[in-house]
Structure formats: structure tokens, C-alpha cells
Amino acid sequence: MAEQEPVRELPTLADLEEVEEKCRKLWESEGIYRYHPEAQGEIFSIDTPPPYVSAAHLHVGHAMSYTQAEFIVRFQRMQGRKIFYPMGFDDNGLPTERYVERKYKINKRNTTRSEFRSLCIEETREGAKTYEKLWRALGLSVDWSLRYSTIDEHCRRTSQASFIDLYEKGHAYRADEPVLWDTHFETALSQADLESMERKTKLNDIAFELPDGQQVVISTTRPELLPACVALYFNPSDERYRHLQGKQALVPLFGQQVPILSDEEVLTDFGSGLMMVCTFGDSEDVARWKRDGLETRLCVEPNGKLSDRAGAFAGMQIEEARKHITDKLREAGLLKNVQALKQSVSVSERSGVAAEFVMARQWFINVLNLQEAILERGHQLRWHPEWMEVRLRDWVRGLKYDWNVSRQRFYGVPFPVWYCAGCHQVVLPPRELLPVDPIETPCPVEECPDCGSNQFVPEEDVMDTWMTSSLTPLINANWVQTAGRTGDMSLHPMTVRVQAFEIIRTWLFYTLVKSHLHCDSLPWTDVMISGWGLSEQGKKISKRDLEQHTDPSGYNRYEPYSVIKKFGADALRCWAAKTNLGHDSRYSEREVKEGRRLVIKLWNAARFALMNLGDFNPQSAPIPTGDRTVEDRWLLARLQQIVEQSTGFLDSYEYGKAFEQLERFFWATFCDDYLEMVKDRFWNPDRYPDEARLSAQWTLWESLRTILGLFAPIIPFVTEELYQQIYRSWETAVSLHVTRWPQGNPEWVTETPEMELIETILKTVRSLRTERRISQTKQLSELVLDLDEASPRRQEMIRSMEVSLQAVARATTLRFAPAQQESGIEGVRLEIAE
RNA sequence: GGGCGAUUAGCUCAGUUGGUUAGAGCGCCGUCUUCACACGGCGGAGGUCACUGGUUCGAGUCCAGUAUCGCCCACCA
């Protein structure tokens, strides 16, 4: 125990911001979030999303999901676990590149790789500062010494080692195939980079000519792909076209001959029942091209313009070409019909442009052959909430392609690969050289082991950003053994992955794949999936929302840092705590204000307690629970129940339920009822034996301390300050957040049947006061109880509780006499007098 | 077209394994200020628990179906 005297008075709460700042400084200077590898105990480690720093349009939704995870961290820390809580930043990827492109008005074509990269690095550094400032302001109990950035040396080494390991184990392959392509960023994409979008389009019926001069009509939404047309298909059961089997048709405007083939999957009732297949309009075209060995006639260039194959239309963008080709067909009388059609198309998630197919040589990771294994892994995880698992299941079952990991971009981790100029053999560097950039580093191998050539070509592509972020558990566990980094493979699998639902198909899925392939294990044992914070209207908070509501004072109601400035981090956290895990939540400033009210109420309740503890010595012998007054035992019994429930809820990630019942208990039971009942013992000490007053003091002292502990994970700041002001000098822990989670006391559970009477009388008297416009705190001259019709047993019980009843009514005297008002207790009537 | 989630008081939401007159906060109405807090206390009004059937002694809670909203997925060219 410390030497200093306890604070015997709490000031009124003047400045919340100041209190929070004080706590931040304390936590930092005491290093209470530090991970201690050498300490004893069970590890609780958290794999938390490294945000895209450049997409720095932070809103309260981000604050919500990070905070929800952090409630659990604080709880587990107080449970005595060794907390490993790193924070990462994801600097790779198209979001960063797009941000830089827009900010500096540059693109892939008019800048150099190194210039582009340095701008990205600069921007991400700035972005990371904004995030770190917010996370600290929010009170996230992150160990900042464990931070990583997906572009830093350790992460590059880890991703490159991952690639090499996968290659050596035969899970990575290079293939020249039609790949999903983003014509804006001019890079390949993977299936996970797509999202589907509804759009209105036109279904065009176009006439093709047969050798005999007859016409057949096909239906297509993409007439601009006529130059790429390689076949027509009909359904073999379709009598209209059966006679065409094996014949050739002439493509209008472009003149190539294409075979007419049949396929059972062609719908007879869609359009004319005759479809054209191009290289490539969609994934179905790709499938038929592969299956039937169709010709390859690409007409869309990587930049989204039509190639020379399109003749007069070459150089036009797709949309533009569509219009011109349609016009031309119409002029020629070959456009037989046009109808509106609603269509869902795959677009690139990052650029929003429709995905095309382009032939390109790319690196792939085998995932199609892992579907069963990953489903099994997914099932081994403990999901919170459980129903989120179906999102992974649906995604894995719907996989169509292996994972394309090549990106024709600048800002990302390079492939650690050279190719032999002679025989194209893949050449990999030894692991100790990692990370490498093959563009800047000469190939470490002198001559090709296959052909002896000493000329090598570097791989110029970078890896998909998920190649790195899928490794966060291995980055944290220092799988590649980077010197000087904290963490080792005892951390893998980690305890819990926390993230929102939309990246289950990417981050969660790919991470499962990586740990499965590298370590034959799960990456973590638990996953905690949060929902989204939405606008008041229930919509995704957009960049425009953030910009529109900026008022001159600099306050923006969706911007978490200004919310914290205005209402306090504790208040914002309360809002996050009110949303059940996995559910979206409409942001509501009202709810944040409610949180602030709770913080203030807590302060004031503590202030009240302290006012009555001036002569209390916590080192004296406690009064045994059994010897305390019925009110005190009643409070303690309820508190014990709350302790047990809170613990159970938080253990199963149900912070929302824990908070809800705790808040209700604190406000209604502790403040409104218990504190009111206990006042009389302090205001009129002469009516009570010393033990009754001491009983109240012990109960206040212990229950307030317990309440602070229970609230600590949700509202860490104000509870810390109260701990420091009131309890610190009597305890050893430097911070509330490294004290043990409240255990309560099994002895607190006692039966207090009398309290039912007291509560009933309290309610009735309050009601009468309100009805007669008497202040609740005003001392009444008299409480009259009429027991004439009560049972002898009840009479006896009531008479034994005179002091309590008088106290609860705040009456100077208690008299038994006839009365008129129903008391709520059978056979008992009462009356009050001012 | 398939899947998941939601539908409970004016608003935002709780309602554990089906069990007596369905809860909270905000808002509203009324009222109370020497003695923690008016960012407070007390009292009150307000709900055919989306709809239709079914199981049951009994359903907001279980089953089937319908509708509306949101999200995810899906090749109808």
C-alpha cells in the first residue's frame, strides 16, 4: 500500500477532456499495455485490422468496431491474461494508389514507379499519424511497440517468404490465362476484388449471315465485342436452330467466319435463343473457350480501348464503341430489335469500372482445391456471432478461380522472382536476402541451373495486398524471425481475429488459407465480427456525409476525433457498447450524450460516497456481510449477481449485454434506490448504532470499487480517474486496468426478504410525494402505517423494521394508526404528513 | 433466383432455454430544487410484439408461409 493519504473529497467534474488526457498520460508513462513475453500466464492475442491509412476518411463506424473489440481486450487484461495487442497499418493496395492518383493528379502512365512509391509512402505516413492519434484518443489499449506496416521491411520479408514457401510447396503457379482485369488501374484482379452492380442495359438482336445468304439473329448486351466473336451457340433441343449445327456464320461489320455450336446451358427463351461467344465477354465465354478450344480474338486492350482488330472502331473506349457499332448496325439494317434489360455486372471494387477479361501471364495461388479444407478450418473457429460463419461458407463454395496474386501496379510488395532470359526458369533468392526488389537488385544467382544462362529478367509485378495482410498472424508471430521484433511462433495461432463482416471473403478467408498452407493450423481460435456504424438514416456513411456536416467550429458529427473532443471518448465508447456484436448501428449523437450522462453520474455517485467516507478507514476490520443492515446486504447480493453475469457475458464477447445490465443496475438500483436509502444513516447518525453507519461505509467502499472495475472495459477513463482519486493509495496496482477483474464475494449472497416491503413502501411514498408536490428529499414529519388488516406475521416483520421504513420515507417519526392510502402491501395502509 | 440479418412504444433498441398485467433510454406530459448529480429525482401517458396459418393448457419467443427493408452471393448472353 502506498503511503499517501486518500483523497477525502472529490471536486465537481469540471473538465472531462482534462481527465481523459490525464489518463492517457498515465497509461503511457506506466506502460500498462506493454506485452511481456517473459511473464507467466495465458496469452490473449488480438489480430486487429490494419486500416488503409490513406483512405483517411475515418468516421464513427470505424471507432465503433475497433472499440467493440477493445472492450474484450480490457476485460481479458483484467482477467489476468498476457495481452498481445498490436496495431498495424495497411499501406499497400489500390486504395492508397487511388488516393495518391487523385491527390497528385497522376496515373500509372505519367509517373515513374519510384516517384509514385515515394508519394504513397509519404501519404501513408501522414495517414498513420491520423489513425494513431484517434486510437490513442479513443483509449485503445494497444501496445504501440508492436506496430507494423504492411510495407515495412518485416512485412515485405514475411510476404516474400510466404510466396517462396507456397511456390516450393507447389501451391503457387504461373499461368497465361484470361484474367479478370481492371481497365482503370490496368491491373489484374482476383474474384474477391469484384463486387456486383445492378445496371440497366440494352439487349440487342443482331443479324448474322449464313453461307446460304439466310440471316440468323443473336442477342447480346455487348455488341462492341463483335470483333471478338468466335462462335455462336444454341440449345440442342431448340428446333429453330438444330439444322445449323456445324455450319459457319459471318459476323456483321467485321466479317470473320464463326462456327455454330450447341450447348445445353443456352436458354431458349432468352432473346432469340442464339448467343454469341467472344473472347471474352464474361466468365461463361471463358469456360466455353476452354472447353471447346475456341479461337482467341481479343479486341479489348488492357486500358479499356478497342484494339486494331476492331478496325474503324479501334481506339474507342468500350462504351463509346458500343454506341458506334450499334449505330452502324442500325444503318445497315442488321439491328433487328433492342430491348431494355436489367443486368448485374461485376465491377472492380476499387475503381468501380466493369471488369473485363484480358490474357496475361500471372501468378496464382491454388485455392479451388482447398475449398473443403478451408470450410473445415472455418468450422473449427469459434464465431462471434455464430451466424457469421455462413458468409465464409457461401464465399468458399462460390469460388470460381484460383487466387490471382499478380498486380500490375507500383505500390506493393514485389515478387521475389527473376526469370532466366534463356529458358524462362523461375529463379528465387535465398531467404536470408529477403526482402528484395528484383527490379533494383541483380539476380543473386550467377547462372541458370537449367540452361546456364547468366541473363535474368526481373518480375515487375507486385503482389495483391491481401498476400501481405493475410499474414498478419504470422507477421505478429514473427514467423520469419526478423531480428529485434517482439513475438515468436508461440503466438500462432492467435486468440482472436476482430474485423467487420465485409472482409470475411478477403481478409478472413485468405488468412485461413495462409495459415493452413504454411503451418497446417488455424490462424486464431476465435473470430469476432462487428457490424457497421451507419448514418442516422441507416446508410453507409460516405465521404460526402463527412464533408457536408463540417461546421465552422470544426465539429463534424461523424468524425470521431471531434466527437471525442465534444463529448469524451468514454461517451463515444458507450455508444459502441450499446450495439450488439455483428449488428449495424445507426449513429446517434443522442446516444453519445447518454453515455456522457452516465460518466457524469458515475462521478457524482462516487463524489457522494466519498463525502460520507471521511472518517472511514479501509484498513480496519471489515464488517462481516451477515452483520450488515438489510439494505446493505440487499445491494451486495444484487451486485454479486451483476458481477457474475458481467463476467459470463464478457467471456463470450457479449459486451453489449454486460454493459446494459450493469448500467441499469448502477443507475436504478445503486443510485436511485440504494444511495437514497443509505442517506438517512449519514444524515441522522444519532438514530443508528455505530455499526449501521460503518456497515454503510463498508458497503459503499466495496460496491463502488466493484462497480468501477465492472465499468472499466467500457468507460476506461472516468473509472481510472476515480480509481486514482479514491482507491489508488490503498491498492498496489498503478492503474485500474491492471487490477484484477472484480470477483465480488460469494458471502455477499444473502436472502433479504424484508427488502420487498421496503421497496414497496419506498415506491408508494415517492408516489404520494409526487402527487402532493412534495420534494423527494424533504423531511416528512410523520409516516403513519395502518397494520390492522395485515397478517400477524407481516405485522411482526414490519414492526421489526421501523428504522428502515422511517428512513426510506424520510420521516421524523413513525406511528402505527389508522390510515387511508393503499401501501401496495396486502393489508397495510399508510399516510404521510409534511 | 439463392442465402443471411431485421420487422416489438413517436425514435433507437433489449427481450436468455415458450409461462402470470411486454421492458429500457431518448422524446412527450406533469411535478420536485439547502444537504452527489436539473447532464438530476419522482410520477404518468404511449405497444392488436409486420401479416396469415399451425403446434401447445399457454407464443413476441417454436414451425410453415406472406410482405417490407438491408446486406451478401448468382452466367440468363
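Sequence lines set the chain letters: A, B, ... in the order given, protein chains first and strands last, and positions in each chain run from 1. This is a predicted model, so every value here is computed, not measured.
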Notebook entry, point to check: Do we count Trp683(A) as stacking onto rC35(B) if the rule is ring centres under 5.5 Å and planes under 30°?
Noted result: yes

Identify the nucleotide, in any strand shown, that forms a Watson-Crick or G-U wobble pair with [N], with both distances under 3.5 Å; if there is none, say none.
N: rG18(B); value: none
N: rU31(B); value: rG41(B)
N: rU68(B); value: rA6(B)
N: rA77(B); value: none
N: rG46(B); value: none
N: rU12(B); value: rA24(B)

Would you mind telling me which of [options] lies closest to the side-chain atoms of [X]?
X: Asn580(A); options: rU12(B), rA36(B), rG15(B); value: rG15(B)
X: Arg391(A); options: rC72(B), rG25(B), rG40(B); value: rC72(B)
X: Ser775(A); options: rA36(B), rC75(B), rC32(B); value: rC32(B)
X: Leu675(A); options: rG15(B), rC4(B), rA36(B); value: rA36(B)
X: Asp282(A); options: rA77(B), rU31(B), rA36(B); value: rA77(B)
X: Trp387(A); options: rA77(B), rC4(B), rA6(B); value: rC4(B)
X: Arg586(A); options: rG3(B), rU31(B), rC13(B); value: rC13(B)
X: Ser283(A); options: rG41(B), rC26(B), rC75(B); value: rC75(B)
X: Gln343(A); options: rA77(B), rC75(B), rA74(B); value: rA77(B)
X: Ser344(A); options: rA36(B), rC4(B), rA74(B); value: rA74(B)

I need the [atom1]-[atom2] distance between [X] and [N], as an integer number of Å.
X: Phe659(A); N: rA24(B); atom1: CZ; atom2: P; answer: 17 Å
X: Asp394(A); N: rG1(B); atom1: CG; atom2: C1'; answer: 14 Å
X: Glu591(A); N: rA14(B); atom1: CD; atom2: C1'; answer: 12 Å
X: Phe666(A); N: rC37(B); atom1: CZ; atom2: C1'; answer: 10 Å
X: Ile600(A); N: rG41(B); atom1: CD1; atom2: C1'; answer: 16 Å
X: Arg607(A); N: rC35(B); atom1: CZ; atom2: P; answer: 11 Å
X: Phe208(A); N: rA77(B); atom1: CZ; atom2: C1'; answer: 12 Å
X: Phe501(A); N: rC71(B); atom1: CZ; atom2: P; answer: 9 Å

Is the distance from OP1 or OP2 of [N] to the nearest side-chain N or O of [X] less than 4.0 Å?
X: Lys540(A); N: rG70(B); value: no
X: Arg597(A); N: rG40(B); value: yes
X: Trp667(A); N: rG41(B); value: yes
X: Lys679(A); N: rA36(B); value: yes

[atom1] gap between [N] and [M], integer Å:
N: rC63(B); M: rC4(B); atom1: P; result: 12 Å
N: rG58(B); M: rG19(B); atom1: C1'; result: 7 Å
N: rA24(B); M: rA38(B); atom1: P; result: 24 Å
N: rU8(B); M: rA50(B); atom1: C1'; result: 10 Å
N: rG60(B); M: rC49(B); atom1: P; result: 7 Å
N: rA74(B); M: rC28(B); atom1: C1'; result: 48 Å
N: rG23(B); M: rA45(B); atom1: P; result: 12 Å
N: rA22(B); M: rC26(B); atom1: P; result: 22 Å

Touch check for [X], heavy atoms < 4.0 angstrom, all strands: base, sugar-phosphate only, or nothing?
X: Cys278(A); answer: nothing
X: Leu341(A); answer: sugar-phosphate
X: Val599(A); answer: nothing

Check: Between Ser219(A) and Trp395(A), who's closer to the 5' end of RNA chain B by nearest nucleotide?
Finding: Trp395(A)

Notebook entry, point to check: Hey, which of these two, Val390(A) or Lys578(A), hits RNA chain B nearer its 5' end, going by closest nucleotide?
Noted result: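 In this pair, the answer is Val390(A).
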
Item checked: base_contact_polar (rC37(B) base, Lys601(A) side chain, donor-acceptor, <3.5 Å) ->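 Such a pair exists between side chain and base.
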
Indicate whether any N or O donor in one side chain lies under 3.5 Å from an N or O acceptor in the other, for [X] and [Y].
X: Asp615(A); Y: Gln697(A); value: yes
X: Tyr241(A); Y: Asn235(A); value: no
X: Tyr558(A); Y: Glu589(A); value: no
X: Gln806(A); Y: Thr812(A); value: no
X: Thr268(A); Y: Asp238(A); value: no
X: Asn580(A); Y: Tyr655(A); value: no

Margin query: List the residues meeting ring pair (Phe, Tyr, Trp, His ring centres under 6.0 Å) with Trp289(A), not counting sequence neighbours, and say none if there are none.
Written below: Phe280(A)

Distances for protein N or O near nucleotides 42-44 of chain B N or O, under 3.5 Å:
from    : atom 1 : to        : atom 2 : distance (Å)
rC42(B) : O2'    : Arg766(A) : O      : 3.2
rC42(B) : O2'    : Thr770(A) : OG1    : 2.5
rC42(B) : O2'    : Gln776(A) : NE2    : 3.1
rC42(B) : O2     : Thr770(A) : OG1    : 3.4
rG43(B) : OP1    : Lys763(A) : NZ     : 3.2

Checklist line | salt bridge (Lys or Arg N to Asp or Glu O under 4.0 Å) partner of Glu224(A), chosen from Lys202(A), Arg322(A), Lys323(A) | finding: Arg322(A)

In residues 656-673 of chain A, what donor-acceptor pairs under 3.5 Å come from side-chain atoms, sequence neighbours left out?
from      : atom 1 : to        : atom 2 : distance (Å)
Gln661(A) : NE2    : Ser646(A) : OG     : 2.9
Gln661(A) : NE2    : Ala658(A) : O      : 3.1
Asp673(A) : OD1    : Arg766(A) : NH1    : 3.1

Note to self: Which label fits Trp532(A) and Phe501(A): parallel for a plane angle under 30°, tilted from 30 to 60°, or perpendicular past 60°?
What the structure shows: tilted

Check: Parallel, tilted or perpendicular for His59(A) and His62(A), by the 30°/60° rule?
Finding: tilted

